[in-house]
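Reading through the structure tokens given below for one structure.
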Protein chains: 2
Amino acid sequence: MLKYQQIAIDIEKYIEEHALQQRDKLPVLEHLMAQFEVSKSTITKSLDLLERKGVVYQVRGSGIFVRRQSRKGYISLLSNQGFKKDLEEFNVTSEVIELTVCKPTKEAAHNLNIELSSDVYYVKRIRCVNGKTLCLEESYYNKAFITYLNKEIASESIFHYIKEGLGLKVGFSDIYLHVDKLNDEEADYLGLKKGDPKLFMESVFHLTNGQPFDFSKVTYNFEQSQFFLQANSHLL
Amino acid sequence: MLKYQQIAIDIEKYIEEHALQQRDKLPVLEHLMAQFEVSKSTITKSLDLLERKGVVYQVRGSGIFVRRQSRKGYISLLSNQGFKKDLEEFNVTSEVIELTVCKPTKEAAHNLNIELSSDVYYVKRIRCVNGKTLCLEESYYNKAFITYLNKEIASESIFHYIKEGLGLKVGFSDIYLHVDKLNDEEADYLGLKKGDPKLFMESVFHLTNGQPFDFSKVTYNFEQSQFFLQANSHLL
DNA sequence: CAGTGGTCTAGACCACTAA
DNA sequence: TAGTGGTCTAGACCACTGG
């Protein structure tokens, strides 16, 4: 574990354990340097990381302050690892409807940057939270990277398997979303009515080396899903 | 302008002008250090910034590569400055329905961290793109910070006025969203039907010093709006 | 103007990738 | 194993906030 990551974890834990509230002040940089016995840049890197995570904000000439996001049960749009972590206090389950090795659609091939003749795993799942259907998910995994997959794995966390089981490193993702009306099939799977609202999300996940390995299309049940996001203009 | 910001702009411009594509390789760090005559940390800071913006990705032991987001007409969920910038190739206009000084609702007071007896500017607008209604927006601005506002300003970019006219510095924002059905009033404003889908977004914008100054509730026209987001796990 | 965070440097050393 | 990006340091100097 790198120093600046460990320090970030320690500081976040400190905030948590002392139940610090929005706008509470943290010790000054010099104090933190001494406390963790590291240079200024290392502490700064930890704090920048926490700032991006939405845990603190820094004000030049003033101090470092706590930023606490309040609402529970919201899915983070940035976590980039599926939503299992956001909803960990809830009971998330998956029902695998289909799992096959096949050729990608034109759309999937384009997003995965592969030939139409390549092999992909196609996975169709329904994901539930506390017994209620959260979303319908169709995913295409590049078989060159995701060399093996089965129903048992897919009924748990595929991302956990990719990272721990296959030892792959997940890097960045592109996410596109819009709102539309459910068609017959989607409504049926989600237990809603045709024409009801849906949030439709397309994601392309890449490994750290830039190779796309997963193209997913997810239809969310509007009654069960809510999302949050923390943005910070000066970090972009 | 800070060195690392200027360098980031220069590199992004270089990518743009040379029409570099996804996965194209940029010069190595040492080369960039020499070219811009700065230290390694400064170049690194520029590249980290571009990585967060989704412009490049860095692979240890391999190189720095271009990441180009493709789809046009999508609103960035991270830009945090209204969507004028994302849609700048389009004609964005605003129609002010209401603009008054009043007391905040309980909800607005809570989100703005002010008393119920404080004054706020309440602004209700319809925003259009190329003549089509994009969204209905209700905003509460803390009058202690946004000391003056009028219909003329509100029919242009309020954020531009806040930054340039009032000289305030916009920091971070919390964004919450979910999907629902339009009610009568919303449908009427957006030119849709009651029961049609909507994306509903609540945002709290803060100044760099952590003070919330704007609480907004926005209802998007599902036929006119689409969004994107670029996430990066190792940056959080 | 004292206190506090931000930028920048030069350089040592580490960790990963690809040939 | 050469090439390349990442971490970390110690310290100088800058820029902003708030009493």
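Note on naming: letters A, B, ... go to the chains in the order of the sequence lines (proteins, then strands), and numbering restarts at 1 for each one. Just so we're clear, the structure is a prediction, and the values are computed from it rather than from any experiment. All values below were derived from every heavy atom in this structure, side-chain atoms included, with hydrogens, water molecules and symmetry-related copies excluded.
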Kindly say if B/Thr44 contacts the phosphate of D/dG5, meaning a side-chain N or O under 4.0 Å from OP1 or OP2. no

Would you say the base of D/dG11 and the side-chain of A/Lys40 have a donor-acceptor pair closer than 3.5 Å? no

For a quick check of understanding: with a heavy-atom distance under 4.0 Å over all strands, which category does A/Leu47 fall into, base, sugar-phosphate or nothing? nothing

Closer than 4.0 angstrom, basic N to acidic O: yes or no for A/Glu12 and A/Lys53? yes

Can you see if the side chain of A/Thr42 gets near the phosphate of D/dT9 - specifically, an N or O under 4.0 Å from OP1 or OP2? yes

Atom CG of A/Leu49 to atom P of D/dC8: distance rounded to whole Å? 11 Å

Which nucleotide in the set C/dT7, D/dT9, D/dT4 lies at the smallest distance from any side-chain heavy atom of B/Tyr4? C/dT7

Which nucleotide sits closest to the side chain of A/Ser41: D/dT17, D/dA10, C/dG5? D/dA10

Run the salt-bridge test on B/Glu202 and B/Lys217 with the 4.0 Å N-O cut-off and return the result as yes or no. no

Find the distance B/Asn209:CG to C/dG5:P and express it as a whole number of Å. 15 Å

D/dA15 C1' sits how many Å from B/Lys3 NZ, rounded? 16 Å

Rounded to whole Å, the CG-P distance (B/Leu235 to D/dG6) equals 10 Å

For A/Ile7 and D/dT9, what is the distance between atoms CD1 and P respectively, to the nearest whole Å? 8 Å

Whole angstroms only, please: what is the NZ-P distance between A/Lys45 and C/dC8? 16 Å

Note: for A/Ser62 and B/Gln58 on DNA chain D, the residue whose nearest nucleotide lies more 5' is B/Gln58

Select from B/Glu30 and A/Gly61 the residue whose nearest nucleotide in DNA chain D is closer to the 5' end of that strand. B/Glu30

Specify whether A/Tyr220 and A/Phe227 have parallel, tilted or perpendicular ring planes, treating 30° as the upper limit for parallel and 60° as the lower limit for perpendicular. perpendicular

Whole Å only: how far is the CG atom of B/Leu29 from the P atom of C/dG11? 16 Å

Output yes when a side-chain donor or acceptor of A/Ser118 lies under 3.5 Å from a complementary backbone atom of A/Glu115, and no otherwise. yes

Separation of B/Arg60 atom CZ from D/dT4 atom P, in whole Å? 15 Å

Does NZ or CZ of B/Arg71 come closer than 6.0 Å to the centre of the six-membered ring of A/Tyr176, within 45° of the ring's axis? yes

